[in-house]
Amino acid sequence: MNIKQTFAVIKLNSRLQFADPTVQFIMILVPLIMAPFMLPSAKTQLIADGYIHANGADQVVPGLAILFSFFSIQLIIQMFFDETTWNTWNRQQISATSLTEIITGKAVVAYLIQIVQLSTVILISSLIFKFHINGNWYAFITTVVSFAATLTFFGIMLVSWSKSSAIALSLSNLLGILMAGLGGSLSPVNSFPHWARILAKIDPAYWGLLAIKKISLDHGNFNTISQNLIILWIMTIIFCLLSLFGFHSRPLKEGNN
């Protein structure tokens with residue numbers, strides 16, 4: 001893989017994404033607007049679970065940050081399918097830039113978008129809603145960057161196996177809401193019925209939010225979240241491999257049948 005060609009893809013897609021950052025701004029703003037309305041009930045739930053000093057932000061802030069990270073998958077999908085709309089995808093295929101370099105460059109930009117969104121929501125919430133990390137900050141940062149990678153390749157996988165942007169966007173919205181909710185973004189998983197708690201364990205949002213809860217509420221460190229990180233990395237590798245297989249087995253084409 002040519003680093004120079006990959007960097008050129010990163011540079012071009014970064015310019016395209018940040019030329020009009022309206023969607024990124026909305027994905028950061030909306031969870032901050034929603035949070036105050038959810039804090040009282042989250043505080044009550046956490047106190048009932050034994051966290052008597054919780055203010056609700058411990059549940060609401062990471063939950064909403066991850067929920068809207070799923071919605072940001074739309075940006076990843078659009079990044080790829082815009083190429084088909086502009087008739088530039090096939091041109092890139094016959095250029096000096098290989099398919100792997102194109103996918104890698106776009107993946108890096110998509111990953112940075114996820115990192116910026118998650119980090120901004122959490123940092124602003126720390127100031128406004130007093131969201132505190134009681135455990136190890138390095139473990140918390142590692143959890144955020146690991147989950148962002150998992151979500152990035154989940155979005156790319158949807159692109160690689162979808163026949164059109166409409167299908168990919170519909171799947172991202174449907175699965176995003178389902179996975180975020182099942183993972184505990186809107187309410188604690190321990191309040192779910194037994195079957196939902198079992199199903200949640202195949203959801204990356206569950207492992208990401210559980211790790212954050214261990215760190216923010218239970219003074220967690222790398223030792224206490226090691227299982228969570230390993231599972232997130234395994235999921236990331238699976239999504240990555242499925243993405244590569246999808247792109248190589250079928251060309252990306254709007255409305256391809």
Side-chain angles (χ1 to χ4, degrees), residues 23-73 113-151 176-192 196-197 200-201 203-229 231-232:
V23 177
Q24 293 93 322
F25 178 74
I26 291 173
M27 293 298 179
I28 292 172
L29 181 62
V30 174
L32 297 175
I33 294 174
M34 291 178 60
F37 300 99
M38 300 174 65
L39 288 173
S41 60
K43 179 179 179 179
T44 301
Q45 178 67 50
L46 288 172
I47 291 176
D49 289 341
Y51 300 102
I52 59 174
H53 299 296
N55 63 4
D58 317 83
Q59 164 67 32
V60 172
V61 170
L64 287 177
I66 284 181
L67 171 62
F68 281 86
S69 289
F70 273 102
F71 288 147
S72 289
I73 290 177
I113 290 172
Q114 291 288 347
I115 288 291
V116 169
Q117 180 180 327
L118 280 166
S119 301
T120 303
V121 171
I122 290 170
L123 288 173
I124 295 177
S125 297
S126 299
L127 298 173
I128 299 177
F129 307 118
K130 297 181 180 179
F131 172 65
H132 298 300
I133 300 298
N134 297 321
N136 187 287
W137 263 98
Y138 294 108
F140 178 78
I141 293 171
T142 302
T143 300
V144 170
V145 299
S146 298
F147 180 77
T150 307
L151 210 55
I177 294 172
L178 177 62
M179 293 168 71
L182 189 63
S185 286
L186 301 176
S187 59
V189 175
N190 59 15
S191 66
F192 294 173
R197 282 179 288 181
K201 293 184 179 180
D203 185 347
Y206 168 80
W207 295 103
L209 284 168
L210 181 60
I212 292 174
K213 181 179 179 180
K214 289 179 180 179
I215 297 168
S216 63
L217 289 171
D218 299 324
H219 304 277
N221 52 37
F222 280 107
N223 289 332
T224 55
I225 66 164
S226 58
Q227 181 186 22
N228 303 66
L229 293 177
I231 292 174
L232 286 176

Self-check item: Expected output: side-chain Q24 to main-chain Q117 donor-acceptor under 3.5 Å
Solution: no

Quiz item: Is a donor on one side and an acceptor on the other found under 3.5 Å between the side chain of S146 and the backbone of L229?
Solution: no

Spacing of [X] atom [atom1] and [Y] atom [atom2] [to the nearest 0.5 Å]:
X	Y	atom1	atom2	result
I73	M27	CD1	CE	10.0 Å
L151	I66	CG	CD1	8.5 Å
L29	F68	CG	CZ	9.5 Å
H53	K43	NE2	NZ	11.5 Å
L210	I231	CG	CD1	9.0 Å
D58	S125	CG	OG	11.5 Å

Between [X] and [Y], what is the shortest heavy-atom contact and its length?
X	Y	result
V189	A200	CG1-CB, 4.3 Å
N136	Y138	OD1-N, 2.8 Å
V121	A65	CG1-CB, 3.8 Å
T143	A211	CG2-CB, 3.7 Å

Using a 4.5 Å cut-off on heavy atoms from C-beta on, say whether the side chain of [Y] contacts that of [X].
X	Y	result
D218	T224	no
L46	L217	yes
W137	I215	no
N134	S216	no
I122	P62	no
F129	N55	no
Y51	Q59	no
F222	T142	yes

Quiz item: How are the rings of F147 and F70 set to each other: parallel, tilted or perpendicular (split at 30° and 60°)?
Solution: perpendicular

Quiz item: Passes side-chain contact (heavy atoms from CB on, under 4.5 Å), I177 versus F71? Steps please.
Solution: CA-CA 8 Å; I177 294 172; F71 288 147; 3.7 Å; yes

Quiz prompt | Test log, rule side-chain contact (heavy atoms from CB on, under 4.5 Å), inputs Q45 and S187 | solution = CA-CA 9 Å; Q45 178 67 50; S187 59; over 6 Å; no

Return all side-chain donor-acceptor pairs below 3.5 angstrom for residues 179-186, not counting sequence neighbours, or 'none' if the list is empty.
residue, atom, partner, partner atom, Å
S185, OG, G63, O, 3.1
S185, OG, A180, O, 3.1

